[in-house]
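Scope of the values below: all heavy atoms of this structure, side chains included, with no hydrogens, waters or symmetry mates. We name chains A, B, ... by the order of the sequence lines, and we start the count at 1 in each one.
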Amino acid sequence: MRTLTYGQAISEATVQCMAADDSIFVAGEGVDDIKGTFGTTKEAYARFGAGRVIDVPNSENAMAGFAIGAAAAGLRPLLVHTRADFMFLALDPLVNLAAKWRYMYGGDKGGVPVVTRGVVGRGWGQGATHSQSPHATFAHYAGLHVAAPASPADAKGLLVRALTGETPVVLVENRNLYPLTGEVPEEATPIDFGVGRIARRGDDVTVVATSLMVHEAERAAEQLAGRGISVEVVDVRTLRPLDDRIICESVARTGRLVVADTSWARYGFSAEVAAVVAEHIPQALTAPVRRLTLPDSPAPVSWPLEEAFHPGAAGVVEACLRLCGQAPGDLPALADVAAGFQGPY
Amino acid sequence: MRTLTYGQAISEATVQCMAADDSIFVAGEGVDDIKGTFGTTKEAYARFGAGRVIDVPNSENAMAGFAIGAAAAGLRPLLVHTRADFMFLALDPLVNLAAKWRYMYGGDKGGVPVVTRGVVGRGWGQGATHSQSPHATFAHYAGLHVAAPASPADAKGLLVRALTGETPVVLVENRNLYPLTGEVPEEATPIDFGVGRIARRGDDVTVVATSLMVHEAERAAEQLAGRGISVEVVDVRTLRPLDDRIICESVARTGRLVVADTSWARYGFSAEVAAVVAEHIPQALTAPVRRLTLPDSPAPVSWPLEEAFHPGAAGVVEACLRLCGQAPGDLPALADVAAGFQGPY
Amino acid sequence: MTSGPARLLRDMVRIRVVEETLADHYRDEQEMRTPTHFSIGQEATAVGVCAATRPGDWVYTAHRSHAPYLAKGGDLTAMVAELYGRQSGCAHGRGGSIHLVDRTAGFAGSAAILGEMIPVAVGTAWAFARRGGTRVAVTFFGDGATEEGVFAESLNLAAVRRAPVVFVCENNLYSISSPLAARQPAGPTIRDRAEAAGVTAVQVDGNDVFAVHDAALTALRHCRDGGGPYLLELATYRWREHVGPGHDHGHGQGYRPVEETEAWIARCPIARAADALRDRDPGIDRTVADWREQCREEIRDAVAHVRQQPFPDVEALLDGAYQPVPR
Amino acid sequence: MTSGPARLLRDMVRIRVVEETLADHYRDEQEMRTPTHFSIGQEATAVGVCAATRPGDWVYTAHRSHAPYLAKGGDLTAMVAELYGRQSGCAHGRGGSIHLVDRTAGFAGSAAILGEMIPVAVGTAWAFARRGGTRVAVTFFGDGATEEGVFAESLNLAAVRRAPVVFVCENNLYSISSPLAARQPAGPTIRDRAEAAGVTAVQVDGNDVFAVHDAALTALRHCRDGGGPYLLELATYRWREHVGPGHDHGHGQGYRPVEETEAWIARCPIARAADALRDRDPGIDRTVADWREQCREEIRDAVAHVRQQPFPDVEALLDGAYQPVPR
Ligand SMILES: Cc1ncc(C[n+]2csc(CCOP(=O)(O)OP(=O)(O)O)c2C)c(N)n1
Ligand SMILES: Cc1ncc(C[n+]2csc(CCOP(=O)(O)OP(=O)(O)O)c2C)c(N)n1
Ligand SMILES: [Mg+2]
Ligand SMILES: [Mg+2]
């Protein structure tokens, strides 16, 4: 299979779906820009033009409502936010209307399949309002689906699924994944929501992660293998629906759980995953669950603080070592995947 | 000690704090209405007038920003939303600005102590967009404090704390609690955030709850006592900071945990409480954690559906019985506290 | 839809009788467990506009939904059933008064978060235009909703995209108990704001159904001709309390001067339309009385029928939350 | 703050030199790890307005923050330190370029979510008025931010409450790479929208520092006299890329016609102010050259000084997230 970057996979999914279904359109601030949202909307714009890849005013709330109205009338909107932090301004229409539409109007009149892509993750000192990952906020509310693909193949397959389903979907994409390469099928084959993936097999500790943290966990696992610790990495792929079974099956085998996430611990992804285990197989846990998340402050800008703020492979290594009763410290330090990000923005 | 209703306690806290500190003002849609936000702003309006209890345009976003600007200039805003569902429109200024203000400007220039009261809870067929409790959403983000008082005394004490502290606070108040009575101190004594309360002692099961669900849990406990099951009810009082210790101490004794909440399970209050136990004392659990929450749909309107949708004492009873290995079913049914709500709105 | 003057009057009479009857049931039985915002006194806005639409046009509204729903031809029994929480309701009892819908009639939906349906109509209108054809989207909202930022965002978006959407502002001077003066500065009007956003706009006497209808025809033609969005600011007044069946003037609620309410009641849109028609049709009062009787019977039957209907099955509580998974 | 014409020119020269120097460092060193929005070419707006304020007035801005910060008298070294992420930065390295603050100078804060600081200034202005006195709040934002609903909400709120706030819209025709025409309809201006919301408003040539200054004096006086809010729409143009140190015209980015950018560069606010002063002061070019040299030295020293300063202590990562708990 040929390889693509994560960004190319998203672009390809978009273009293929648009070619197959002319009700799909892309909308977002600057989607027609020469840089094309990290390259992901560039080809769609080149192929389908300004009639189907539309630049919009800076009006996140109205644009979400607009997309809902277009979807109600049979179109398929793909909204793009270059920063998921801006989606707080679109929360009302997405959570109070899109998520509830199908149910609130009786369940038999169809949904409003608005698909919203939000870019998350650290950049280069982007600071408190440009580094957040609000996936748990959207995933809390019944009626939406939320995905956070980690691999190029999943980025394609989940977007294809979103663009062919009837459910409003929020997809979060960590910007540091865009350059990442991987095998991606040529065809526009959907990947179902709610089905996790074992990213790496292991026996001693389970690391449940999503998006960027899957890669951090894999790198940690690689290093820990050298210490004789076998780490299983579970990539849930979607937060809602959440694949409880894959989490529980893994933890039932390993007895140890680390949850790694790029948002805060409280009421976040790490809380839900730990709760799933506590709800189904608490007796399987041979050690307390560990959560590797953001510390409880807003994101700082200054480089050393930002480095300390964001969780990464080194944190996963440390958490696993502790869970296995081994002292951390004597392993060579791992640089974060995201630490390779080149400025200047 | 004299008794007050929950609504009167909030009113009294507001009035006493306003009398003591003339930088406090109340703002919200219709706060000067004759009904005075379920009676909670009526006396403040009568005493302090339209200069300090201000009716505002229907602009939730700008009002939150306005409050932040007033707080930056030394005032103390108390914002009121007759429905917390409207606060999604104020999420950006609260989460992206108020929560981050102190940190983002260096930590030494003071915070913006904006206090926001949001009314939550079911009414009379209010449906999908007027019955939600978004406490977990606000509590996910570092920089805010979030409280959900269950008793009149706590409603007063926590509001006093909020109005005298430097941290932006979101208080959620279940509308079905307003008529509830309880002893309330005369003085404006603050209750610190982050300190839970044992609402009822017990040995067999711990029910961790907040707001209305504390009362549902107490009523369930009462009934279960008749079955020889001793239930401990933990009222966390605040979601952020969260009193991990009181949760863990109780579960360490009982070995069984039910979490009861008026929002959805995924990424919600019930997830965080279960995670705290999984993180600290998983070995103490002698049975799986049970979550009593909203089913995964938007809120319906039709009376029988609404009754089935909202969690209550009967659900707590059932969860506890199951955890203790007893068959449910042969207890007289409990009506919900909120089911006593009289229309017509 | 025919739109002769008598038809406009008749539609108003029907809505009035239906709402008055429902309000009585609502108050007396306490069986419609859904917050209900009556349009009694405001019928001319809904009727004048909706009668000007074509079946293929879509209407969205805010919480004050019954009148536009009925004026657009929404199924009466399904609405009553929705208010009574029955499975046969237009939203199967899931939505209630604030979430009416009748796709067949072109009533695309109502929602109760202020301003929420305004951009939705812009999106629908844009989708209509994209397909070609001359369908228009219409969105009703109150004066209070124009303070929500999304109103301004939507005007701008509609203007930039030249979407065939008619914004219908029912300016009844109040947002619950807050008068306009507490919420918007004196001087500029809602019409002015629309124009400053690039949207063609007019102010019309919202209690004059013929004037509203004429203006709506102009607005819709403007949209169909590719002229872009249009706003109608319609001055009107609600006679009952904000939500619920009661009258609240002179009952100690005090937010509306009794004289003000009485003056507006004197400007009853139904009486005015009848007055206007009386010259041409001296028997109009008799006709109106007959309509009243027919409508009373219609709503009586609907209520009686609906009350025999079953509630939704509790087992089906979760149905419709998500797209059904094919088995 | 004196506000003689020469002072206005000098302030612009200083900001230009500071930003050009910082842009070079930014590009060459890659050490300022914070997204940075330069105001090069737009100095007249910041200087004209801020020079008209009094020390007690507060200025808020959006992401394009350096120029108003410096024009309002913000500490240069503390700003440079913030850009370099040092503990001695005005936000102790927590905020970066988009979160500048200098309370002493009356620079109340900048934030990068579009429109966010607009209602904040209204709240501050209202708080000022409530205490009595004549302090005014000023808020800078771009043309792009006026599309956010919160802008309309804020105008309305300020007008209803007659808050002493000056809204300063730096209309540089673009939002990142999106031209105004893609985002707002032709015809009505931002000034028009403000007026329709009940806010006194004027359009001014934003590259004419003297015109801006005069208009700002009028606006501030209007506010101090209890006249309510005021909006200045200032036409200007940024010379560099949206974020970062580069020039992006004629570099294949293509969203701005090269001729357009060149025409605006020809209307350089500094050159224009010098031209205007040359009659009265034929030695002005020499003076400007001297200022340039002084400012170059000032910023050189600041950078050199700052680069010796320590980064924040990683142990203190969480400090300031919450009010310190008294021990
Ligand atoms: C975003 C939001 N804020 C507040 C409310 C509460 N609310 C419901 S109806 C209403 C009044 C609306 O007034 P207007 O838009 O003029 O409509 P009217 O009721 O007068 O027809 C308010 C404030 C709401 N539903 N949504
Ligand atoms: C709510 C929100 N949406 C989008 C963005 C992304 N963004 C940052 S700056 C900018 C352009 C703003 O243009 P304008 O307001 O005209 O200011 P200028 O950069 O031209 O000075 C955009 C869209 C943002 N920061 N916040
Ligand atoms: Mg109204
Ligand atoms: Mg601009």
C:Ala182 portion near chain D, given a 4.5 angstrom heavy-atom threshold: backbone
Shortest non-hydrogen contact between C:Ala196 and D:Pro188, atoms and distance: O-CB, 3.0 Å
C:Arg162 portion near chain D, given a 4.5 angstrom heavy-atom threshold: neither
Atom of C:Asn156, atom of D:Arg193 and distance for their closest heavy-atom approach: OD1-NH2, 3.0 Å
Within-4.5 Å side-chain heavy-atom neighbours: D:Glu153 and C:Glu148: yes
Non-hydrogen side-chain atoms of C:Arg183 and D:Val160 separated by less than 4.5 Å: no
Residue pair C:Ala159 / D:Pro185: nearest heavy atoms and the distance that separates them: CB-CG, 3.6 Å
